[in-house]
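One structure is given here, and the rest of the page talks about it.
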Amino acid sequence: MRLIKAVLIIMAFAIFSACSIEGEGFDEMKKARSLYSELISAEVTVTDALTGEAVQKFKFRYEGKLLTYYYHAIDDEDNEYFEYHNGSELFYGYKGDSDWSVISSNSKDYYFYSTIQRHPMSDYKLLFFEPQSMAQAEVIDLGEDIGLMLRYNTEKMSVTLKNQLALVGELSEFETYTIINKDGYPKKMTQSGVLEGEPFSYEINIERLNELEVIEKPDFPT
């Protein structure tokens with residue numbers, strides 16, 4: 001399913017960085033990732049650029065050290081998943097359910113995120129960057145913003161990453177295009193490539209940086 005592959009590409013790819021390797025645009029990318037990890041709140045939308053469909057939506061805010069958030073994901077087979085966390089209770093459900101299911105903090109299945117262990121979509125891991133496998137880098141002047149086009153040699157990607165990719169297939173091409181604003185914060189990253197002979201392209205849009213006052217629990221979608 002496309003959603004499963006998208007989650008692996010966007011998140012699992014992003015767990016490596018090599019600060020000792022330098023190149024054009026590397027400092028800007030490192031700063032953008034660092035600033036993103038310091039955000040108190042934001043709204044993130046992941047869109048399939050080939051279809052125009054939003055496949056993931058994530059709104060978050062850190063209340064003190066604990067994370068509150070709302071997450072929604074959808075795949076090509078029209079399967080949908082919803083999740084809301086208020087910092088002490090986890091609510092979740094699937095399309096077709098009648099109401100939220102709840103996991104309380106005293107349950108063995110309960111989990112939470114904090115400023116120490118951030119949710120992957122509120123962490124620098126969301127923005128893929130692996131300098132050691134870089135094939136080409138280009139910085140593009142966009143006026144107040146800058147664009148970073150980074151193309152990767154998939155043969156040189158880390159062994160750990162290749163092992164994770166083996167779960168979904170062979171990645172033969174991969175590049176990212178990131179737009180960074182004048183203050184160094186990331187606004188958008190597009191991840192494109194070819195996986196198992198099929199092209200893919202996902203846009204990660206980051207909006208309302210530090211603007212969300214509260215993440216309210218919505219009525220369960222029906």
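Residues take their numbers from the sequence shown, with the count starting at 1. Note that this is a predicted model, so its numbers are computed, not measured.
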- Drop me the distance from Lys217's NZ to Trp100's CH2, to the nearest 0.5 angstrom. 7.0 Å
- Item | Flag, side chain of Asn210 to backbone of Ile40, donor-acceptor distance under 3.5 Å | yes
- Note on the structure: For Ile206 and Ala42, the nearest pair of non-hydrogen atoms, with its separation, is CG2-CB, 4.4 Å
- Option among Arg61, Met121, His85 that satisfies the side chain to side chain contact (heavy atoms under 4.5 Å, CB included) test with Tyr69: His85
- Message: Tell me if the centroids of the rings in Phe128 and Phe174 come within less than 6.0 Å of each other.
- Response: yes
- Thr47/Tyr202 under side-chain contact (heavy atoms from CB on, under 4.5 Å): CA gap, chis, key distance, verdict: CA-CA 6 Å; Thr47 301; Tyr202 291 94; over 6 Å; no
- Query: How far does OG of Ser192 sit from CE of Met149, to the nearest 0.5 angstrom?
  - Reply: 7.5 Å
- Query: Out of curiosity, does Val44 fall in the hydrophobic cluster containing Tyr84 (side-chain heavy atoms, cut-off under 4.5 Å, transitive links)?
  - Reply: no
- Same cluster for Tyr185 and Tyr36 if Ile/Leu/Val/Met/Phe/Trp/Tyr side chains link at under 4.5 Å? yes
- Query: What's the shortest heavy-atom distance between Ile180 and Ala32, and which atoms?
  - Reply: CD1-CB, 3.8 Å
- Query: Is Phe91 linked to Leu67 within one hydrophobic cluster, defined over Ile, Leu, Val, Met, Phe, Trp and Tyr using a side-chain heavy-atom separation of less than 4.5 Å?
  - Reply: no
- Item | Glu203 vs Lys188 side-chain heavy atoms within contact, under 4.5 Å | yes
- Could you state whether Ile140 and Met29 fall into the same hydrophobic cluster, counting links through intermediate Ile, Leu, Val, Met, Phe, Trp or Tyr residues with side-chain heavy atoms under 4.5 angstrom apart? no
- Roughly how far, to the nearest 0.5 Å, is CG of Leu171 from CD of Glu155? 9.5 Å
- Nearest heavy-atom neighbours spanning Ile74 and Ala54: CG2-O, 3.3 Å
- Task: Please answer whether the main-chain N or O of Ile215 pairs with a side-chain N or O of Thr68 as donor and acceptor at a distance below 3.5 Å.
- Result: no
- Which value, rounded to the nearest 0.5 Å, describes the distance between Tyr152 atom OH and Phe129 atom CZ? 6.0 Å
- Starting at CD of Gln136, measure out to CZ of Arg151 and round the result to the nearest 0.5 Å. 4.5 Å
- Query: Which heavy-atom pair separates Gly64 from Thr115 by the least distance, and what is that distance?
  - Reply: O-CG2, 3.8 Å
- Query: Do the side-chain N and O atoms of Tyr70 and Glu216 include a donor-acceptor pair separated by under 3.5 angstrom?
  - Reply: no
- Message: Side-chain heavy atoms nearer than 4.5 Å, only ILVMFWY residues, links allowed to pass through others: does that put Phe60 and Tyr92 together?
- Response: yes
- Message: As a test of understanding, state which of Asn181, Asp145, Thr178 forms a side-chain hydrogen bond (donor to acceptor under 3.5 Å, both in side chains) with Lys187.
- Response: Asp145
- Message: So, taking the atom named CD1 in Ile103 and the one named OH in Tyr110, what distance separates them when rounded to the nearest 0.5 Å?
- Response: 9.5 Å
- Query: Okay, side chain of Glu80, backbone of Tyr94: is any donor-acceptor separation there less than 3.5 Å?
  - Reply: no
- Query: Taking Arg208 for the side chain and Leu212 for the main chain, is one N or O donor matched with an acceptor at less than 3.5 Å?
  - Reply: no
- Message: I'd like to check Pro120 versus Tyr113 (side-chain heavy atoms, cut-off strictly below 4.5 Å). Are they in contact?
- Response: yes
- Considering all heavy atoms of both residues, which atom of Thr190 and which atom of Ser201 are nearest to each other, and what is their separation? CG2-OG, 3.5 Å
- Query: Closest heavy-atom contact between Leu127 and Pro186?
  - Reply: CD1-CG, 3.7 Å
- Message: Within the 4.5 Å heavy-atom criterion, are Asp141 and Val139 side-chain neighbours or not?
- Response: no
- Message: Apply side-chain contact (heavy atoms from CB on, under 4.5 Å) to residues His72 and Phe82 and explain how you reach the verdict.
- Response: CA-CA 5 Å; His72 172 214; Phe82 309 91; 3.2 Å; yes
- Item | Phe112 atom CZ, over 12 foreign heavy atoms within 6.0 Å | no
- For Glu175 and Tyr177, test the side chains for any donor-to-acceptor distance below 3.5 angstrom and give the result as yes or no. no
- Would you say Asp183 has more than 12 foreign heavy atoms packed within less than 6.0 Å of its CG? yes
- Task: Using the side-chain hydrogen bond (donor to acceptor under 3.5 Å, both in side chains) rule, pick out the option among Glu83, Lys57, Gln56 that qualifies with Tyr71.
- Result: Gln56
